[in-house]
Amino acid sequence: MQQTPNSNYPDWFKNRKKGNDLIVSPLIPWAMVGLPVLVLIAIVIYPTIWMGYHAFQNTNMMSLFYNNYEYVGWSNFYNVITSERMHESIYRLIQYLIFGACLEVLLGTILALTLYEMIKNEFLKVMLLILMVMPMMLPPSIVGVLWKFLLQAYNGAINHLLINLGFLDSMERIEWLGAQFALLSITIADVWQWTALPLLIVYSGRVSLPPAIYEAAKVDGAPAWMVLKRITLPMLKEIIAIAFIIRFMDAYKFVDKIYVMTSGGPGQSTELPVFIAFQKGIREVEVGEAAAYAWLIFVFAAVLTTLFLKYLKNVLKPQAFALNMSKS
């Protein structure tokens, strides 16, 4: 006997109302899609449009209070671009990217590969990985307070450690939070906290590499340094680039540790572009100029990120072809 198409369905499904194909209320899908969209509009899209509007206005505390704005065109952008304070902050941002973000990715890559290749005990490997990741779990403000105490000139643990190791005389002190070393000190604190992020990314990438390639290299008698140079690093370069992009995206919005450790000082020696925008918008309530700072920072970051993504696109095509050839 031939069965009808609905004979295998349960009774509650066969007896459902015609046209009612959803088990739940039709409002549920709209709510699940609509609520995130509303949140996105409230916290991202509307503030972006509001900021773009005020970037062309002379918006300050009084105009905000009286809701009276004066259109100034591109004057805010011109003031930001020609500001010597902005030029010096860009130079410090480049310093931070070189000695901070790049160093974090380099150290994270070295630690990830060392942990994967050198540590054979799985329990020990997991415990070391947890210890290395723990600084990343701390709030950046707490890390800033911790390192601010460690780097105090007369009561800080770093100077006392250097004295005990013989690198400093008993009466000698290094002003780690002075104008000469303040940016370096903040960079050290950031490297201590965020090296774990590229470490995790690169470690995950190394775990995902096909073991057949390494078995073939082992059979051919390739030395470890050759395997690292010709196999591991070329296959991980897009993963390493992604780790750098993530750290770069955090670098251009780097405010918390600067605010906690130095408040941009001494003088303006640790101000980065986004910290100046924070100062202009929150402390000085020069909202128009702060919005111009924010838009220029956004454009700068978007251009560099696009260049990195194009690099990744050019890398992934030959990488995928080589990987498919090795599997076949």
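Counting heavy atoms of neighbouring residues, nucleotides and ligands inside a 6.0 Å radius, atom CZ of Phe298 does not exceed 12 of them. Annotation for Asn155: atom CG does not count as buried by contact number, only 12 or fewer foreign heavy atoms lying within 6.0 Å. Summarising the local packing, CE of Met134 is surrounded by 12 or fewer heavy atoms from other residues, nucleotides or ligands at distances under 6.0 Å. Atom CE of Met137 has more than 12 heavy atoms from other residues, nucleotides or ligands within 6.0 Å. In Phe77, the CZ atom is crowded: over 12 heavy atoms of neighbouring residues, nucleotides or ligands sit closer than 6.0 Å.
Between Glu286 and Lys280 there is no salt bridge, since none of the side-chain N atoms of the basic residue sits less than 4.0 Å from a carboxylate O of the acidic one.
Taking OH of Tyr154 as the start and CZ of Arg173 as the end, the distance is 7.0 Å to the nearest 0.5 Å.
Between Ser83 and Tyr78 there is no side-chain heavy-atom pair separated by less than 4.5 Å. Residues Thr262 and Lys257 form no side-chain contact, since every pair of their non-hydrogen atoms from C-beta on lies 4.5 Å or further apart. Here the side chains of Leu93 and Pro273 are in contact, with some heavy-atom distance below 4.5 Å. Between Gln152 and Leu177 there is a side-chain heavy-atom pair separated by less than 4.5 Å.
Listed for the Gln57 side chain is no donor-acceptor partner under 3.5 Å among the backbone atoms of Val72. Looking only at distances, no side-chain donor or acceptor of His54 sits under 3.5 Å from a matching main-chain atom of Tyr69.
Partners of Phe181 by ring pair (Phe, Tyr, Trp, His ring centres under 6.0 Å), not counting sequence neighbours, listed by chain and number: Trp176.
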Exercise. Start with the C-alpha distance between Lys125 and Glu122, add both sets of side-chain angles, then the distance that settles salt bridge (Lys or Arg N to Asp or Glu O under 4.0 Å), and finish with yes or no.
Key: CA-CA 5 Å; Lys125 186 182 294 186; Glu122 289 297 326; 3.8 Å; yes
Practice problem: Check the pair Ile90, Ile94 against side chain to side chain contact (heavy atoms under 4.5 Å, CB included), reporting the backbone distance first and the verdict last. | Solution: CA-CA 6 Å; Ile90 292 175; Ile94 294 172; 4.3 Å; yes
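Among residues at least two apart or in separate chains, salt bridge (Lys or Arg N to Asp or Glu O under 4.0 Å) pairs with a member in residues 61-90 are Arg85-Glu271. Among residues at least two apart or in separate chains, ring-ring contact (aromatic ring centres under 6.0 Å, His included) pairs with a member in residues 213-245 are Phe244-Phe308.
For the residue pair Asn58/Tyr71, the side-chain donor-acceptor check at 3.5 Å is not satisfied.
Aromatic ring centroids of Tyr96 and Phe254 lie under 6.0 Å apart. Tyr53 and Trp50 have their aromatic ring centers separated by at least 6.0 angstrom.
Relative orientation of the Phe275 and Tyr259 rings is tilted, given thresholds of 30° and 60° on the angle between their planes.
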